[in-house]
Every structure is written in structure tokens, then in C-alpha cells.
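Whatever order the structure lists them in is the order used to number ligands and atoms, beginning at 1.
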Amino acid sequence: MLRMPDHCHDGRQNVMTLAQLGVCYYPEHWPTERWAEDASAMVAHGIEIVRIGEFAWSRLEPTSGNWHWEWLDQAVETLAAAGLYIVMGTPTACPPNWLVRTHPEILPVGPDGQPRGFGSRRHYSFSSEVYREHSRRVTKAMAERYGHHPAIVGWQLDNEYGCHDTTVCYSDASLQAFHHWLQLRYKTVDALNQAWGNVFWSQEYANFRDVGLPVAVTETNPAHRMAFRRFSSDQVRAFSDEQAHILRQYSKPNIWLTHNFMGNFVDFDHYPVMEALDVASWDSYPLGFLDQGWFSDSIKSRYRRTGHPDWAAFHHDLYRGVGNGRFGVMEQQPGSVNWAANNAEPLPGMVQLWSMEAIAHGAEFVSWFRWRQAPFAQEQMHAGLLRPDAKPARASEEAILLHGDLQQLPETSTRQASVALLFDYEACWLTDIQPHRAGYDALQVAFEFYSAARALGLSIDILPTNASLDGYQLLILPCIPFTDSSLVKRIAASTAHVLIGPRAGSKDVDVTIPENLAPGPFQSLIDLTVVSVDGIRPGERISLKHDNDQFAYRWIEHVDTALPAQWETTDGRSILFGNDRISYLAASVDEQALRELIAAQCVGAGIPTSPVPDDLRVRERGDLLFVFNYGSTAQRSPIPGTPLRGEALIPPASYAVYRKHP
Ligand code: GAL
């Protein structure tokens, strides 16, 4: 759980619970007279942490250098007086209008060369030196003011880096910074020409400053685009690191730093950004992302009001890994959102279920977005715990019920899982740049493997490719096109069974084909060569020989090997190979086939599985076992005995929690 000061600032002793509850609050949206009432109502909900401030720049500094701290001071004191802890946001996601008018060059620019203007949020370029200066200035001012306040336990840097497609920017400032980045990386322009294969189509450059941003008549060089993605990701990190450095410098030592990352979002590499932070957090909107995501229409209809049973879980496990074991949910969907194409209302119980599920995956806190629905501006149709008229919305009751359950559960911490799934942000950029088959998306592929493993009742860790693999019995590599000898060495040194998915090791660092062809360095682990690939049209299915209901789709590789085929398609292609410990899957296969395959890997690795009935999911946290029902009918829990919380016949949109018996 989150480390709070030993004694609360109001003298109360900390009570150890599995996780803290929180809420996002915008005092600047409401009359001052309302704040104390809101604060005591939060406490009555069991809420302990309140995030404030992240969009308040125009109220803090209405004109250049003219600071108005009094209202935020008062808000902080009001919350503190109620015994609440505060996570303070730096307000850099919303540069105020005066700043944009004085310095329009801070605006992000789209690939069409047009600035993306003022009037919403995230209207800045990570590469703008002018904006960086203002970001440092406002961060320092806030840190000096609040960094030692006893009620402030954490800082949230900015808000959702990269949201609204803002990681990548095509401004002059970006171009100049890109040139600098290229020079540092390649040293000489000849090395760049060589690495990118610029002899092709006469793309050779004489100077770094001649390299443009990757927009041209037709497809630009994939190496150029990959470099631009890497550069853009590094710019996010540099921006974030600057704020982190200032916040540390001016704050008390035990304050923690976080950023609220997003769902379905891979535009920058999150692992390096976390190096300067303490706790990862993310914003969980299961219904909005179901509607916006890659799911089929039938899945979207089926889980319209619950969210896909694995979607939030996948992100909890991803962000637990990003946070090196420490994460929380900064924004939890409390009712319908406003931003998807179709905004469903959660089934009664789901807000409580989603929140408990985060905790089951090790979240140290769950904070709802937002306290009270705003009747004005862009998010007026976005639910809160309170309605716009300040009466409780349904989520309010569910928050209170969740708090009641948490009071009854013993503190226990997350343990390392037996199964690790390796995830790589660069893989996602590669499949975006060069899908080869429309819609091939490394994130979706990772999710499919995860979902299949979870249907077997497994708890899973999601790790970066440079993580220690010690103690894992099964490693799953759904899509790892770039690899290095270090990963291969760590796999070779481990005793884990390994399942390698298609496209592994298919690219060298600058998006070229390895000399020995795919799977490149993995060939030292399993003796096979991918000689060609077949991108299969959406909708086409090619049955598997051993079970005609299972099928390959999307992608089939033609593999040269002396190893016998373990699976074949009915049209005579070999798609699965293995030696003692390493298996290579040379195709995308459907969910049933993936489950069968992972189940077989678990047998080899000595990991017990217990497949869960449809719509039920289980997750271990230390000595506790959680069962979640994402279905619309009551389902009998697969766990014997009497649950600590909930019932053995789990109602729809509900959960049961058990003590785990050794
Ligand atoms: C998040 C964002 C919040 C709010 C919320 C609405 O992406 O951080 O400020 O906009 O979505 O669902």
C-alpha cells in the first residue's frame, strides 16, 4: 500500500488496508462555500486521497507572473482539515490563453503542418524550448509553495502525456530537436544513411539538417519513422524528467511522484518515463475503451455495460510492471463517460467491481474521476460520484460499499506470478509503421495472449524485455520484433518454458531484416528460419488440422526447419514448432487455440491451471483470491468454501473474495 506519513497530518494513526480510496476534485469548479461540505462527504465515502490542481493554471497565474495562490491554499487547507491527503497535479497539460497568445510557437503542429490551437487541452509541443521553460517555471512555483505541506503526499506530473495524439509533433522546434537527436544517435550522416538504407529511392542526405519529418508523397522510410517515434518518445521523457527533478528538489523527501498513464496507449515508451517517478498510475475507463477499441461488434454488445473482462486487468498488470511493482488507478470510471462514440452506462455493481479488481491486481490506490459531474463545458455528460446537482449518483453508493468490503479484508501484498508476458512499446510502433497486414497491432496481440492465459485462471506479470526473468516458469513473447542479445541470454540462462509468437526477432534496430532472417537472435534458442509471410485478409480463417473449430488468421509465416510441426493448418502449413523448452508459433490463431497452446505450455512448465467459466475471472493477491463476474447472470464461484466477502453464487457485476488455502 501507499506509504503515508507515519502519523496522519491530523494525528490519526494510519489504518492498514489493502488500498486507499481517492477521488479527483476540481475546487475551482465550485463555490468556496461548498468545499468543506464536499470534503466531509468524501470522508464519509471512505476516501482518503484527493487529486487536485492539474488543470488550474489559468486560475493560478491569470496573467504572466501574477500568482493567485490564495484559493488553492484554502482548498488544500479545507481538504487537510477534513483529514484528507492530497495528490497535487502540475498544471502543464493546459497552458493558459495568455501564454499561447504571447508564444504561439509552443502549440503542437499536426502532420498537415497546421498548429493545433487553443480551446481544449494538451496544446503544447514537448519539443518547444519556450514551453519547457514555462513548464519548469510553473512546476518550481508549485513545488516551492506546496512541496512541504504535510497533507500533500504525492505529485502528479502533468496529465496523460500524449493524450489526443500529442506525443508526436511536426513543429519547427520538433524538427530542430530531431536533428540534434539524430546527430547524437548516428554521429555521422553517412552512418544514418547506411543504417536507414537511404540508397533506396535516392534518399541519401548530405547533412543531418536536411532530414525532414516523415511526411512525403508516399510511404516514408520505416527507419525514418521509427527514429521519429523514438525521438518523440524521448522528448516526453525529457519533459517529464525535468518536472520530476524540480519537484524532488523543492519537496519533502517522502513525497511520491506519479503520472497518470492511459489505457490502450503506447505512443511513448512508459518504462523510461517511470525511472524518475515512484508509483505508476493509470486512468481506467473500461466502457469508453471497449467502444473505441479493436473488439468485434459482438464482443462490444456483449460487454457493453461491463467492459471486456480482461481489458482493465491487462492494464493493471501492465502498469504494475511499468511501476516496477507499484501502481494505482488515478482515474476510475464512475458512470458513463462522454468521449466514446457510444457511451453506455455501467451495470449496477460495475464501479465497485472495477475498483476491487484494480486492488486485486495490486493497486495501492483507486481514485474515481470525478467527485461531482460538471454541468458545464466539454465533460458535462461525464458522470461523477455526485450528480451535477450534488446529489449522490449510483457510484457513490458503490464507493461506500467497496470501502466497507476493504475494511473487512486483511492487508496482503502482491507476489510474483509464475507466468510473465513480455511487452515492448517499440513493437507497437513497428506494427503501426509496418503492419504488413491491415490492423496488425502488437498491443492487441499482447492482449490476446494475455486474455487466453487469464481464461486458464492464471495470474500474470507483464514485463519489459529488459526485466529480470528470475523465478518465472513460463515466459510469453506475443510480439517482440526487436530484440537484443541480452534478452536471448537471459532466456537461455533461465529455466522457464518460453512461448514465442510470430514476428519475433524479425527486425534489427533500424527496421532492417536481420542477416539470418527472423527470428534473428532467437535462432540460438530454437532452430528455425522464417522465410516468408502471408498476410491474411480480415474475415478469412484457415482451420487447424487437429481441431477444425480452431483456426489461423491474420498472419501465417512460412518456416524452414528440421523440427517436426506440432500444429498444421488444413491447407498444409506448419505453424507450431518446439524443442524441450522453447516453442515458436508461426501464425495468429484464435482464442481457443491460444488457450490450448498456453495450457500445454503450463503443463510443460509445471504450472497448474484451472480454466474459469465464461465471464468469470480470478486473480490472486498474496493470501487472497478474487473472483469477478463480468456476466449478466449469477454464476457459481469455482473456488470451494465460503468467501470472506461476497457470495459463492456471485451475482452479475459482482465479486467474491476468498482467503487462499495453501
Ligand atoms: C481522462 C482525463 C481526465 C478526463 C477523463 C474523462 O483522459 O485525464 O481529465 O478528461 O479522461 O474520462
Side-chain angles (χ1 to χ4, degrees), residues 22-30 49-59 87-96 119-124 154-167 236 240 243 258-268 270 273 277 279-293 305 307 311-312 315 318-319 327-346 350-351 354-355 358 365-388 393 395:
V23 78
C24 303
Y25 186 51
Y26 299 91
E28 67 275 25
H29 294 180
W30 311 107
I49 305 172
V50 189
R51 184 195 66 181
I52 59 174
E54 82 279 8
F55 296 125
W57 197 341
S58 71
R59 286 293 170 97
V87 174
M88 182 67 85
T90 63
T92 42
C94 286
S120 61
R121 61 178 172 182
R122 299 216 56 76
H123 39 280
Y124 72 84
W155 287 106
Q156 176 188 294
L157 288 73
D158 199 280
N159 190 80
E160 295 190 337
Y161 292 139
C163 186
H164 315 305
D165 294 326
T166 55
T167 304
V236 176
S240 188
Q243 284 203 7
T258 190
H259 175 72
N260 57 333
F261 299 107
M262 287 180 280
N264 281 12
F265 185 81
V266 293
D267 288 0
F268 62 88
H270 292 33
V273 169
L277 309 180
V279 187
S281 61
W282 78 285
D283 298 344
S284 177
Y285 293 97
L287 298 195
F289 280 106
L290 178 86
D291 194 68
Q292 279 197 339
R305 300 188 65 193
W311 184 84
H315 288 85
L318 173 67
Y319 286 117
F327 88 105
V329 173
M330 190 57 87
E331 299 181 13
Q332 174 63 65
Q333 177 165 355
S336 53
V337 300
N338 62 300
W339 45 262
N342 310 289
N343 297 299
E345 191 160 49
M350 283 315 294
V351 173
W354 290 328
S355 309
F365 59 91
V366 178
S367 158
W368 292 285
F369 179 91
R370 49 185 278 159
W371 174 243
R372 176 174 168 190
Q373 181 172 351
F376 44 75
Q378 280 92 328
E379 291 180 350
Q380 55 186 266
M381 298 296 285
H382 194 297
L385 291 190
L386 303 192
R387 305 185 317 207

Would a distance-only check, ignoring hydrogens and angles, find a side-chain to backbone donor-acceptor pair under 3.5 Å from [X] to [Y]?
| X | Y | answer |
| --- | --- | --- |
| S336 | E345 | no |
| N343 | A340 | yes |
| E331 | S284 | no |

Exercise. Would T92 and Q243 count as having a side-chain donor-acceptor pair, cut-off 3.5 Å?
Worked result: yes

Exercise. Do you know which of F261, W282, Y161 makes side chain to side chain contact (heavy atoms under 4.5 Å, CB included) with H270?
Worked result: F261

Exercise. Does ligand 1 have any atom sitting under 4.0 Å from a heavy atom of M330?
Worked result: no

Counting non-hydrogen protein atoms only, what is the nearest one to [atom]? Give residue, atom name and distance.
| atom | answer |
| --- | --- |
| atom 7 (O) of ligand 1 | E160 OE1, 2.4 Å |
| atom 3 (C) of ligand 1 | E331 OE1, 3.3 Å |
| atom 10 (O) of ligand 1 | E379 OE2, 2.3 Å |
| atom 5 (C) of ligand 1 | Y285 OH, 3.3 Å |

Using a 4.0 Å heavy-atom threshold (strictly under), name the region of [X] that reaches ligand 1: side chain, backbone, both or neither.
| X | result |
| --- | --- |
| R121 | side chain |
| M262 | neither |
| E54 | neither |
| H382 | side chain |

For this session: Answer whether the closest heavy-atom distance between the side chains of W368 and S355 falls below 4.5 Å.
Result: yes

Give the atom numbers and elements of ligand 1 that come within less than 4.0 Å of a heavy atom of [X].
| X | result |
| --- | --- |
| W339 | 6 (C), 12 (O) |
| F55 | 9 (O) |
| D283 | 8 (O) |

Exercise. Does atom CZ of R387 have more than 12 heavy-atom neighbours, drawn from other residues, nucleotides or ligands, at distances under 6.0 Å?
Worked result: yes

Exercise. Would you call R122 and D158 a salt bridge, taking side-chain N to carboxylate O under 4.0 Å as the test?
Worked result: yes

Exercise. Y285 vs F369 aromatic rings, parallel, tilted or perpendicular, using cut-offs 30° and 60°?
Worked result: perpendicular

Exercise. For Y26 and ligand 1, does the shortest N/O to N/O distance drop below 3.5 Å?
Worked result: no

For this session: Looking only at distances, please establish whether an N/O atom of ligand 1 is found under 3.5 Å from an N/O atom of N338.
Result: no

